[in-house]
Amino acid sequence: MNNSQTSLSHEAVPAAGQKTPAGAVPFSGADPAQSSKCAAQNCCATEAPDCHAETAQPDEYMPDRTLDTDKTAKTAAEAPGGRADLQGSAPDGRYPPVFRQTAARRSIPYPADRRDSTFALIFLLLGVLCPFLYLGFDKLLGKAVWLLGLLAALAGYARAFRVKPSRWALLLLVITAALSAQYAFISFSAVTLLCGPMLAVLLPLTATALFDTGLDLSGRHTVFDYLNAAFVRPFSNLGAIFRCRSGKRGNFKVLAGLLIAFPFFAAAVLLLGSDAAFSALLSRLFARAAMERLPGDIARALFGALISVYLFGMAYGARCTRGFGITGERADRINESMKRLPQATAVTALAALAALYLFYLSTQLIYLVSAFRSVLPAGYGLAEYARAGFFELCLVAFMNILLTAGVRAFTSPSQAVKWLATGILLFSLILCGTVTAKIFLYIGSWGLTMLRLMALFAVAVIALTLAGLLYSLHTGRTTARFVLACAAILLLAFVWSDPDYQIARYNLAKYQSCAHQSLDTDYLVYTLEGRAYTVLLPYLDAHEETLGVSYRTGESSDQLLSLLEQDARAGGFWESPWRWNLGHRIGVQAVRTYLGRPR
């Protein structure tokens, strides 16, 4: 059995008339002494069926899901890679219980030891700090510190139970840590906004992969796997942070009492502050500004405590698989129940769409391939041709992804469906290639902008998804792990390349080599920031007469002066440490040098 399973909150319970296997772990909801007595007397068999009458009656919510050993071995041998393709099953061949919120289900205890108690406090601290460090666009260093602290807590929690992480878990951990660290080093830009949704996907998967408790994106139940990791297990373990048992020392009643007393304690301090003597004492102990922020800080701390409940529920659910929710058996039933679309309906829909795309290719082939040859069709200017149909073609490719994925989910596989879907996906890849060629043609003539880089990233992700669907269609294997890893690595490379710096560097190089006839200095100065100023402002300083523009005085300098004013209001590192960012500091220093205002 995997080390991560040594502390499962429940095991399969023998059915009536079935002997308890030698060395089996008794049900954790029963009294340990009574369980030992039962094991010694075999009272779980027909001789004494009511020995657990005083306990939680496990048979009501713990159905026997022990699989036949020969059948399990045969399934494992037939599965890709020789591994049992049973999502949600434990390594020893038992399914976790199907999620049912009955009274007996809610009575399942939260088994824990001192390690769980320690990490519950750590996750509580992380949750309380979340509104102060992570929430807010300008708290860049705070975001990095909080996210790295959360990853360290997850890794430490798994390490405390001697769980050896898989290569997939290590890859997720490295990618998530690198995406988190960029907040401290790369100046804020539009690309930074993409990191939030990606981290929301990666964090639950990382938590579950570190404990290796059933989630496997290379399996058949990708959607259900993520639902288990991000929603089912965290929300079915919301009470774990308060109800985890640590031996015979009881639940976290003291912690719950502190949380209940916290708002009343803060309100009492504020009310007692009306007394002149006590107010003077508080003023000597705390700054007046801190006292004014106290009500808001209390509200944020309480909100952070709610966040900690989710975070520890996610980690605890990954460790012991309590409330696993959607098992492989149940997911199979759901998938089979969804396949109700008749073959004739699916083939007709795909054939009609494929005919339309074939007609489009036959009539617009020259228009599509002209982008690859850098030749403009008759009647089109460069900007008009590059922008014509860009978003529409991307939307068509995205619609084709939804259509083929939906047909696979709602109809049984057949050769007609497979080859029609293949034609549609290949057509979508041609559209992605055309759109990419158009973007590069536009960039080669007019330069880089953030919007054009974002468009390239979006097309790359769509093309990756299309390639994954195409491979899955012909092999029957799910490629979600491949697509997710490639998209995350692509975003990682995109962010760490510092897009603002690359845009300024590329446009200046093209202008200096006379490849571009003009330089949009207003866009570069007013839109970019951070390290981009280190290459942009020195060039503007040396070529003011040639360019005929200066950003030192007048309205042209307002953007740079505003940057310095914001930096002055924020104060130094010790006044607002969580807003610090290395790229921003480098850019501010370059602006000071350009304007002749050394600090």
Side-chain angles (χ1 to χ4, degrees), residues 133-134 137 139-155 165-210 215 217-218 222 225-226 229-230 432 436 439-440 443 448-468 479-506 528-532 580-584 586-587:
L133 300 183
Y134 183 78
F137 286 105
K139 298 176 182 178
L140 297 179
L141 180 61
K143 291 178 185 292
V145 170
W146 188 83
L147 287 169
L148 291 175
L150 177 60
L151 290 174
L154 289 172
S166 62
R167 287 180 294 178
W168 171 242
L170 291 177
L171 177 63
L172 285 178
L173 189 64
V174 170
I175 293 175
T176 310
L179 282 176
S180 304
Q182 62 87 23
Y183 284 111
F185 297 98
I186 309 300
S187 57
F188 185 84
S189 64
V191 182
T192 313
L193 297 175
L194 298 177
C195 295
M198 181 61 74
L199 287 170
V201 173
L202 293 178
L203 279 173
L205 301 183
T206 303
T208 310
L210 282 172
L215 180 134
L217 285 178
S218 64
T222 304
D225 285 339
Y226 183 74
C432 289
T436 304
I439 297 174
F440 277 114
I443 290 173
L448 268 178
T449 64
M450 184 61 70
L451 184 60
R452 291 162 199 166
L453 279 178
M454 297 279 284
L456 282 176
F457 176 77
V459 173
V461 173
I462 291 176
L464 277 173
T465 308
L466 289 169
T479 56
R481 173 180 291 187
F482 169 79
V483 173
L484 177 65
C486 290
I489 293 172
L490 186 63
L491 177 60
L492 190 63
F494 191 15
V495 172
W496 275 99
S497 67
D498 197 346
D500 283 358
Y501 175 77
Q502 299 299 333
I503 290 171
R505 183 183 173 189
Y506 176 87
L528 308 181
E529 64 173 75
R531 289 179 59 215
W580 187 86
N581 176 269
L582 179 60
H584 177 74
I586 293 175

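Model, not experiment: these values are computed from the prediction.
Residues L202 and L484 meet the side-chain proximity criterion, which asks for heavy atoms closer than 4.5 Å. Under the 4.5 Å side-chain criterion, counting only non-hydrogen atoms from C-beta, C432 is in contact with L466. Contact of the F440 side chain with the L456 side chain is registered, since non-hydrogen atoms from C-beta on lie closer than 4.5 Å. You'll find the side chain of E529 reaches within 4.5 Å of the side chain of D500, heavy atoms only. Side-chain contact check for I186 versus V191: every heavy-atom pair is 4.5 Å or farther apart. Looking at heavy atoms from C-beta onward, I503 lies out of side-chain contact with T449 at the 4.5 angstrom threshold.
Atom CZ of F188 sits in a crowded spot, with more than 12 heavy atoms from other residues, nucleotides or ligands closer than 6.0 Å. Heavy atoms from other residues, nucleotides or ligands lying under 6.0 Å from CZ of F457 number more than 12. Atom CZ of R452 has more than 12 heavy atoms from other residues, nucleotides or ligands within 6.0 Å.
What you find for P499 and L453 is that their closest heavy atoms are CB-CD1, 4.2 Å. Taking each heavy atom of A209 and L172 in turn, the nearest pair found is CB-CD1, 4.1 Å. When every heavy atom of M450 is checked against every heavy atom of A190, the shortest pair comes out as CG-CB, 4.0 Å. The two residues L193 and P197 have their closest heavy-atom pair at O-CD, 3.1 Å. Between S180 and L151, the closest heavy-atom pair is OG-CD1, 4.1 Å. Nearest approach of L148 to A177, heavy atoms of both residues: CD2-O, 3.7 Å.
The closest donor-acceptor contact from the side chain of W496 to the backbone of A178 lies under 3.5 Å. At least one donor-acceptor pair under 3.5 Å links the side chain of T479 to the backbone N or O of G468. Although no hydrogens or angles enter the test, the distance criterion places a donor-acceptor pair under 3.5 Å between the side chain of Q502 and the main chain of S497.
A distance of 15.5 Å separates OG in S189 from OH in Y501, rounded to the nearest 0.5 Å. A distance of 12.5 Å separates CD of Q182 from CG of L582, quoted to the nearest 0.5 Å. For the atom pair CG (L141) and OH (Y183), the distance works out to 13.0 Å, reported to the nearest 0.5 Å. One finds the CG atom of L133 at 12.5 Å from the CG atom of L140 (value rounded to the nearest 0.5 Å). One distance of note links OG1 of T208 with CH2 of W168; it measures 12.0 Å at 0.5 Å rounding. Distance CZ/R481 to CG/L205: 10.0 Å, rounded to 0.5 Å.
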Could you walk me through whether L203 and L147 pass side chain to side chain contact (heavy atoms under 4.5 Å, CB included), step by step? CA-CA 9 Å; L203 279 173; L147 287 169; 4.2 Å; yes
Could you walk me through whether L492 and L179 satisfy the side chain to side chain contact (heavy atoms under 4.5 Å, CB included) test, starting with their C-alpha distance in whole Å, then the side-chain angles of each, then the deciding distance to 0.1 Å, before giving a yes or no? CA-CA 6 Å; L492 190 63; L179 282 176; 3.7 Å; yes
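A tilted orientation is assigned to the rings of Y134 and W146, their planes being inclined by 30° to 60°.
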